[in-house]
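Some notes on the structure that comes next.
Only heavy atoms go into these numbers, but all of them, side chains included; no hydrogens, no water, no symmetry mates. Computed from a predicted model, the values in this text were never measured in an experiment.
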Amino acid sequence: QVHLEESGGGLVQAGGSLRLSCAVSGATFSINAMGWYRQAPGKQRELVAVSNSGGSPKYAESVKGRFTFSRDNAKNTVYLQMNSLKPEDTAVYYCNADVLPMGSRFYYDYWGQGTQVTVSS
């Protein structure tokens with residue numbers, strides 16, 4: 001079974017920082033794209049940052065210059081360093097991975113359960 005687990009969310013004041021982690025575990029053969037999404041109450045889920053293996057991360061315009069996406073392929077883990085946080089960054093942050101499971105011919109999208117990030121003004 002493939003499982004994604006996010007961690008690192010919490011409550012922080014505006015201007016503060018948080019670092020999110022997402023570890024992929026289970027019978028994975030290969031992982032292609034990985035990314036972070038977020039969803040605020042009453043809003044649609046939106047892309048925050050994403051990258052393919054070996055590619056440069058792509059960021060949402062609203063987080064450019066403040067968030068940094070990184071990936072450790074050996075550990076099947078991605079990180080999202082969030083600096084200069086704003087109240088509008090408040091959301092549940094979800095990790096996503098495009099995974100080829102062991103024994104499968106197809107890639108599948110997997111999602112973590114989410115981690116809450118709350119930024120106070």
Side-chain angles (χ1 to χ4, degrees):
Q1 294 181 330
V2 177
H3 180 71
L4 277 64
E5 183 71 28
E6 304 103 332
S7 62
L11 175 64
V12 65
Q13 294 184 358
S17 299
L18 287 172
R19 190 192 191 206
L20 306 183
S21 300
C22 175
V24 181
S25 61
T28 62
F29 181 79
S30 181
I31 302 175
N32 187 20
M34 294 192 70
W36 289 95
Y37 294 74
R38 67 186 182 187
Q39 187 169 24
K43 296 184 178 180
Q44 298 184 49
R45 187 172 299 186
E46 64 177 348
L47 173 69
V48 177
V50 65
S51 72
N52 296 321
S53 297
S56 299
K58 298 179 180 179
Y59 299 92
E61 183 66 28
S62 60
V63 307
K64 287 182 179 178
R66 300 188 298 117
F67 291 9
T68 302
F69 177 93
S70 61
R71 180 171 177 174
D72 187 338
N73 291 323
K75 297 181 178 180
N76 287 343
T77 301
V78 294
Y79 307 91
L80 186 68
Q81 179 66 46
M82 305 186 295
N83 298 325
S84 301
L85 283 163
K86 304 175 181 179
E88 51 262 45
D89 295 319
T90 296
V92 177
Y93 284 70
Y94 296 91
C95 180
N96 171 257
D98 189 21
V99 178
L100 179 67
M102 291 289 292
S104 177
R105 294 185 178 183
F106 305 99
Y107 280 82
Y108 297 90
D109 278 341
Y110 291 88
W111 293 88
Q113 294 182 336
T115 184
Q116 177 71 48
V117 172
T118 302
V119 184
S120 62
S121 60

Any sub-3.5 Å donor-acceptor pair from [X]'s side-chain atoms to [Y]'s backbone N or O?
X	Y	value
Asn83	Gly16	no
Thr90	Val119	yes
Glu6	Gly114	yes

Inset, instruction - Measure across Gly35 and Phe69 and return the closest heavy-atom pair with its distance rounded to 0.1 Å. - result: CA-CE1, 4.0 Å
Legend entry - Pairwise disulfide bond (SG atoms under 2.5 Å apart) hits with a residue in residues 2-70, at least two apart: Cys22-Cys95
Legend entry - Residue pairs passing the disulfide bond (SG atoms under 2.5 Å apart) test where at least one lies in residues 30-83, sequence neighbours excluded: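 Qualifying pairs: none.
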Inset, instruction - Please name the residue in the list Val50, Val63, Val78, Leu47 that meets the side chain to side chain contact (heavy atoms under 4.5 Å, CB included) test with Trp36. - result: Val78
Inset, instruction - Go through the structure and list residues passing salt bridge (Lys or Arg N to Asp or Glu O under 4.0 Å) with Lys43, not counting sequence neighbours. - result: none
Legend entry - Glu88: salt bridge (Lys or Arg N to Asp or Glu O under 4.0 Å) partners, not counting sequence neighbours: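 Glu88 satisfies salt bridge (Lys or Arg N to Asp or Glu O under 4.0 Å) with no other residue.
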Inset, instruction - Provide the full list of salt bridge (charged side-chain N to carboxylate O under 4.0 Å, His left out) pairs with a residue in residues 48-61, sequence neighbours left out, each pair given once. - result: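 Residue pairs with at least one partner in residues 48-61: Glu61-Lys64.
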Inset, instruction - Let me see the working for Thr68 and Tyr59 under side-chain contact (heavy atoms from CB on, under 4.5 Å), right down to the final yes or no. - result: CA-CA 9 Å; Thr68 302; Tyr59 299 92; 4.0 Å; yes
Legend entry - Ring geometry between Trp111 and Tyr94 (parallel below 30°, tilted from 30 to 60°, perpendicular above 60°): perpendicular
Legend entry - Side-chain hydrophobic cluster, 4.5 Å single linkage: members besides Leu11: none
Inset, instruction - May I have the step-by-step check of side-chain contact (heavy atoms from CB on, under 4.5 Å) for Arg38 and Glu46, ending in yes or no? - result: CA-CA 6 Å; Arg38 67 186 182 187; Glu46 64 177 348; 2.8 Å; yes
Legend entry - Spacing of Asp98 atom CG and Met34 atom CE [to the nearest 0.5 Å]: 10.0 Å
Inset, instruction - With side-chain contact (heavy atoms from CB on, under 4.5 Å) as the test, would you mind laying out the steps for Val117 and Met82 before giving the verdict? - result: CA-CA 10 Å; Val117 172; Met82 305 186 295; 3.8 Å; yes
Legend entry - Any side-chain donor near an acceptor of the partner, Glu5 and His3, under 3.5 Å: yes
